[in-house]
Number of protein chains: 2
Amino acid sequence: MIDQLKSIFLFSHLSEEDLTHLASIGKFREYNSGETLFYEGSFSDKLYILMKGIIKAYKTDMKENEIVLHYFYPVSLVAEMANLYHIPFPATAEFQTNGYVFEIDYPLFERDFLKNPTVSFELIKSLTQKLKYLEEVITTRLALDATSRVAKFLYENGDISDSTKRHKIATILGLTPETLSRSFKKIKILGLISDEGKNFTILNREGLKELFS
Amino acid sequence: MIDQLKSIFLFSHLSEEDLTHLASIGKFREYNSGETLFYEGSFSDKLYILMKGIIKAYKTDMKENEIVLHYFYPVSLVAEMANLYHIPFPATAEFQTNGYVFEIDYPLFERDFLKNPTVSFELIKSLTQKLKYLEEVITTRLALDATSRVAKFLYENGDISDSTKRHKIATILGLTPETLSRSFKKIKILGLISDEGKNFTILNREGLKELFS
DNA sequence: AAGCTCCATTGATATAAATCAAATTTGTAA
DNA sequence: TTACAAATTTGATTTATATCAATGGAGCTT
């Protein structure tokens, strides 16, 4: 366990003594695909570090549609802001695959670790990263129309392979599958991409960029 | 100048020596109402602390509409994230009133102050605050429809007095003045608010809450 | 007080994307 | 291979809000 904790960026510089203490105030907990780590609006005094698996963070709008904020991959701090400010979770976190988290008693963590310079530096990095994700959501979903969003997605993610479900892309971009399909078609007609079966190949990357900037 | 720096939360615990050094790597700079501190997409190696005045932070969408992210009041760090990650400013910052900032050479600040525990703690607080603002923008503009947004605004801001221009409220909520007017009307018909001239009085605060949650 | 200018309101129309409804394609299991 | 299920595409319609256009005050200026 100590070894595993040491592999977490946040704790990589802690002493053996600190790591032992850390191990005593936290534990690993497994989740299955589809299980929810926490719900939007709920409270918790646990700090979560995703160790394995993929977590989708999303809000729900008035029509029960998901607004996907981000997909988390290991190793990530999840929702540290709720801990830092003792506020309810701003989003729901749901496992997309099987995985597990390291779950820490936050009040004790704050007391014993938050003043550690490495820990606070990593926390700053993690918070900044999250700011970037939210900026990204705002840029994509408030500043761009449907076709521009799709062009941006293609520009940033490269060729779309079979395995990526259209439905998932649509959810990420905040579009319905129908609208996504129509946008792909527009971009195809512009000659910026070509499709062979389910896969798209990008023909003109700079052209795509033109569409969203 | 040293005294003024000491009044900044971020630096309140610094030694005289540190404050003198800080004064040597930064300076005060005045701005008039309407002037722009920085533009979305531009770079700077300056860290800005708003000392006086109000700053509007906004992005611009494809139709040249403003997406207001936040209004900053003194004393606030502005756009520290761009400094921390050496990335372009994610939004434009424009003075809404006359004011001034304390402008610090960021590379030197990072070298000499970032590891100070008080400074990093305050930085964490500031970043967390900004995350909350962005969450708020997402909740308001992506998860709620026009009338719900207005109800939420009324619920959170209380009675609307004459001095608050409808046009400004509309911009904050991401609505046109026409739509704002129609939403006010709906809420008035529901008997949740009443208007005497230009002022609104809230008649049923819990009723307002029902509309957006 | 008359006339102006600035907002706010109201009404009519336009627009982008969602929704609803098939039709078609792709994937999968028998 | 066939048949069924799921995903995608296409077309028609609806919906929420923006846009365009006109009207109606409220507060200023002279």
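First the proteins, then the strands, lettered A, B, ... as listed; each starts at 1. In this text, all values refer to a predicted model and were calculated from it rather than measured experimentally.
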Please state how far atom [atom1] in [X] lies from atom [atom2] in [N], giving the value in whole angstrom units.
X: B:Phe184; N: C:dT10; atom1: CZ; atom2: P; answer: 13 Å
X: A:Lys185; N: D:dT8; atom1: NZ; atom2: C1'; answer: 12 Å
X: B:Met62; N: C:dA16; atom1: CE; atom2: P; answer: 12 Å
X: B:Asp61; N: C:dA17; atom1: CG; atom2: P; answer: 12 Å
X: A:Glu64; N: C:dT19; atom1: CD; atom2: P; answer: 12 Å
X: B:Leu175; N: D:dT19; atom1: CG; atom2: C1'; answer: 14 Å
X: B:Arg141; N: D:dA18; atom1: CZ; atom2: C1'; answer: 13 Å
X: B:Asp145; N: C:dA16; atom1: CG; atom2: C1'; answer: 17 Å

* When we call it a touch if two heavy atoms are under 4.0 Å apart, what does A:Leu180 touch: a base, just sugar-phosphate, or nothing? ->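 The answer is nothing, as A:Leu180 stays clear of every strand by at least 4.0 Å.
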* Asked: Among the nucleotides D:dT10, C:dA18, C:dT9, which one has an atom lying closest to any side-chain atom of A:Thr179?
  ->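 Selected nucleotide (nearest to the side chain): C:dA18.
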* Of all the choices, C:dA18, D:dT10, D:dT17, which nucleotide is nearest to the side chain of A:Thr176 once you look at every atom? ->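 Of all the options, the side chain of A:Thr176 is nearest to C:dA18.
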* Partners of B:Lys132 by salt bridge (Lys or Arg N to Asp or Glu O under 4.0 Å), sequence neighbours excluded? ->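 Once residues adjacent in sequence are excluded, B:Lys132 has no partner under the salt bridge (Lys or Arg N to Asp or Glu O under 4.0 Å) criterion.
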* For the pair B:Phe113 and B:Phe109, name the ring-plane relationship: parallel under 30°, tilted 30 to 60°, perpendicular over 60°. =>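 Parallel: the ring planes of B:Phe113 and B:Phe109 meet at under 30°.
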* Aromatic ring centroids of B:Tyr31 and B:Tyr100 under 6.0 Å? ->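 That pair fails the under 6.0 Å test.
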* Along DNA chain D (nearest heavy atom to each residue), the more 5'-positioned of A:Lys63 and B:Asn65 ->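 Of the two residues, A:Lys63 wins.
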* **salt bridge (charged side-chain N to carboxylate O under 4.0 Å, His left out) assessment of A:Lys52 paired with A:Glu30** => CA-CA 9 Å; A:Lys52 184 159 180 294; A:Glu30 296 202 15; over 6 Å; no
* To do: Could you check A:Glu178 against A:Leu144 and say which one's nearest nucleotide on DNA chain C is further toward the 5' end?
  =>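 Whichever sits nearer the 5' end wins; that is A:Leu144.
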* Pick out which of B:Phe89, B:Tyr58, B:Phe95 makes a ring-ring contact (aromatic ring centres under 6.0 Å, His included) with B:Phe38. =>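 In the set B:Phe89, B:Tyr58, B:Phe95, the residue that makes a ring-ring contact (aromatic ring centres under 6.0 Å, His included) with B:Phe38 is B:Phe89.
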* Record whether the side chain of A:Arg182 comes under 3.5 Å of the base of C:dT19 through a donor-acceptor pair of N or O atoms. =>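 Per atom types, the contact qualifies.
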